[in-house]
Amino acid sequence: MRKEKSFVEKVRMATARIPRGKVATYGQIAWMAGRPRAPRAVGMIMSKNKDGEKVPCHRVVASNGALTGYGMGGIGIKKQKLLAEGVAFKGPRVDLDKSLWNPKRKRF
DNA sequence: AAACTGACTTCTC
DNA sequence: GGAGAAGCCAGTT
């Protein structure tokens, strides 16, 4: 029986799995981490960001496709990064209809 | 240990 | 579709 990893670690793994050119919502990350009702906790983890550049936290957006947070320069930088990776945008928000990541795994 | 905070989500007007 | 309020979770202090 494997010892369950911390919520933070699961979130980091889930985020690291997001393929380039796609984005995932905080809700999805929380869902994969085993806490479907904890999108806030996910956001908080990102804000503390112990992952640094190891995890593509810029690929995580709000459920409505809006870019939230991002401390290294603001959502503007985040948007530029996503655009550079080929993420489709619909105005100021991400076009989830095209660039939302479809997680193949159900959970960790 | 308790209380507060925050990069969210969902409901209602 | 936009704005406001309530609910929820884990981390930090």
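Below, all heavy atoms of this structure are taken into account, side chains as well, without hydrogens, waters or symmetry copies.
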Side-chain contact, heavy-atom cut-off 4.5 Å: A:T25 with A:W101?
no
Expected output is a numbered-order residue list: members of residues 28-37 of chain A with a heavy atom under 4.0 Å from any atom of DNA chain C. What is it?
A:R35, A:R37
Output the rounded distance in Å from CZ (A:F7) to P (C:dC9).
10 Å
Hey, does A:A41 reach any base, or is it just sugar-phosphate, or nothing, if we go heavy atoms under 4.0 Å?
base
Do A:I18 and A:T15 come close enough that some side-chain heavy atom pair is under 4.5 Å?
yes
Taken to the nearest whole Å, NZ/A:K79 to P/B:dA7 is 21 Å
Taking only the side-chain heavy atoms of A:S63 (C-beta and beyond), determine which of B:dA7, B:dT9, C:dA10 contains the nearest atom.
B:dT9
Assess whether one donor atom and one acceptor atom, taken from the side chain of A:Y70 and the base of B:dA7, lie less than 3.5 Å apart.
no
note: A:M72, atom CE; B:dA7, atom P; distance rounded to Å ~ 15 Å
A:Y26 has an atom OH; how far is it from atom P of B:dT9, in whole Å?
8 Å
Working note: A:S99 + A:F89, criterion side-chain contact (heavy atoms from CB on, under 4.5 Å); need CA distance, chi angles, decisive distance, verdict.
CA-CA 8 Å; A:S99 301; A:F89 266 79; over 6 Å; no
Answer whether the closest heavy-atom distance between the side chains of A:R93 and A:N64 falls below 4.5 Å.
yes
Tell me what A:V60 touches on the nucleic acid: a base, only sugar-phosphate, or nothing, going by heavy atoms under 4.0 Å.
nothing
Taking the side chain as every heavy atom from C-beta outward, state whether A:V11 and A:M46 have any pair of such atoms under 4.5 Å apart.
yes
Using whole Å, what does the distance between atom C1' of nucleotide C:dC9 and atom CE of A:M46 come to?
15 Å
With heavy atoms under 4.0 Å as the rule, sort A:K78 into base, sugar-phosphate or nothing.
base
So, A:K78 side chain and A:T68 main chain: donor-acceptor pair closer than 3.5 Å or not?
yes
Rounding to a whole Å, what distance do you find between A:N64:CG and C:dG4:P?
16 Å
Determine whether A:R12 and A:V8 satisfy the following criterion, side-chain contact (heavy atoms from CB on, under 4.5 Å), listing intermediate values before the conclusion.
CA-CA 6 Å; A:R12 287 170 52 175; A:V8 187; 4.0 Å; yes
Could you work out which one of B:dT9, B:dA7, C:dC9 sits closest to the side chain of A:A62?
B:dT9
